[in-house]
Amino acid sequence: TLSTVDAHASVITGMVFNKTGIMMLTCSSDKTAKLWDVSNPFKPVLRKTYQCDRPLNCGAMSPLKEHLILGGGQEASEVT
């Protein structure tokens, strides 16, 4: 069994891994994104918390550089 981490105050809306599978990014409607070191899947380590001013829907990690992209904060009717 892998670890369960209670890390967000609300629903996790997105989760992605970097290309090596060592880092994981979680996004939440609690207005945070969290970067995890999951090199040991039985004991994930929180590396950084990103606080945003709106709920997040998704995130992405660049395969080329150490960049993150976070998305969210708008109702679907505002985007379409």
Side-chain angles (χ1 to χ4, degrees):
T1 303
L2 297 178
S3 291
T4 300
V5 178
D6 187 20
H8 286 279
S10 190
V11 175
I12 292 176
T13 54
M15 180 176 68
V16 295
F17 292 87
N18 71 341
K19 66 181 179 180
T20 62
I22 292 174
M23 301 301 286
M24 176 179 73
L25 177 69
T26 56
C27 299
S28 174
S29 57
D30 69 1
K31 302 179 184 178
T32 65
K34 298 189 179 205
L35 186 62
W36 301 89
D37 179 335
V38 292
S39 54
N40 178 352
F42 299 101
K43 190 171 181 177
V45 176
L46 179 62
R47 293 293 180 200
K48 187 161 187 172
T49 298
Y50 301 91
Q51 184 67 46
C52 300
D53 60 352
R54 295 178 182 230
L56 297 170
N57 296 327
C58 61
M61 292 187 199
S62 169
L64 304 176
K65 296 190 178 205
E66 294 182 4
H67 293 129
L68 302 175
I69 298 172
L70 304 175
Q74 294 177 313
E75 296 292 331
S77 61
E78 294 176 10
V79 178
T80 56

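Values below: all heavy atoms of this structure, side chains included; hydrogens, waters and symmetry mates excluded.
The line from OH of Tyr50 to NZ of Lys34 is 12.5 Å long, rounded to the nearest 0.5 Å. To the nearest 0.5 Å, atom OG of residue Ser29 and atom NE2 of residue His8 are 9.5 Å apart.
The minimum heavy-atom distance linking Thr26 with Met15 is given by the pair CG2-CG, 4.1 Å. For the residue pair Met61 and Val16, the shortest heavy atom distance occurs at CE-O, 3.8 Å. Among all heavy-atom pairs drawn from Ser28 and Ser10, the shortest one is OG-O, 3.5 Å. Here the closest non-hydrogen pair linking Leu35 and Leu46 is O-CD1, 3.6 Å. The two atoms that bring Leu25 and Ala33 nearest to each other are CD1-CB, 4.1 Å, heavy atoms only.
Cluster partners of Val45 are absent, since no Ile, Leu, Val, Met, Phe, Trp or Tyr has side-chain heavy atoms less than 4.5 Å from it.
Panel note: side chain Asn40, backbone Pro44; no donor-acceptor pair is recorded below 3.5 Å. When atom types are taken as modelled, the side chain of Thr32 and the backbone of Gln51 share no donor-acceptor pair closer than 3.5 angstrom.
Counting heavy atoms from C-beta on, the side chains of Phe17 and Ile22 never come closer than 4.5 Å.
The only member of Lys43, Lys48, Arg47 that meets side-chain hydrogen bond (donor to acceptor under 3.5 Å, both in side chains) when paired with Asp37 is Arg47.
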May I have the list of side-chain donor-acceptor pairs in residues 62-71 shorter than 3.5 Å, sequence neighbours left out?
from: Ser62; atom 1: OG; to: Leu64; atom 2: N; distance (Å): 3.1
from: Ser62; atom 1: OG; to: Lys65; atom 2: N; distance (Å): 3.2

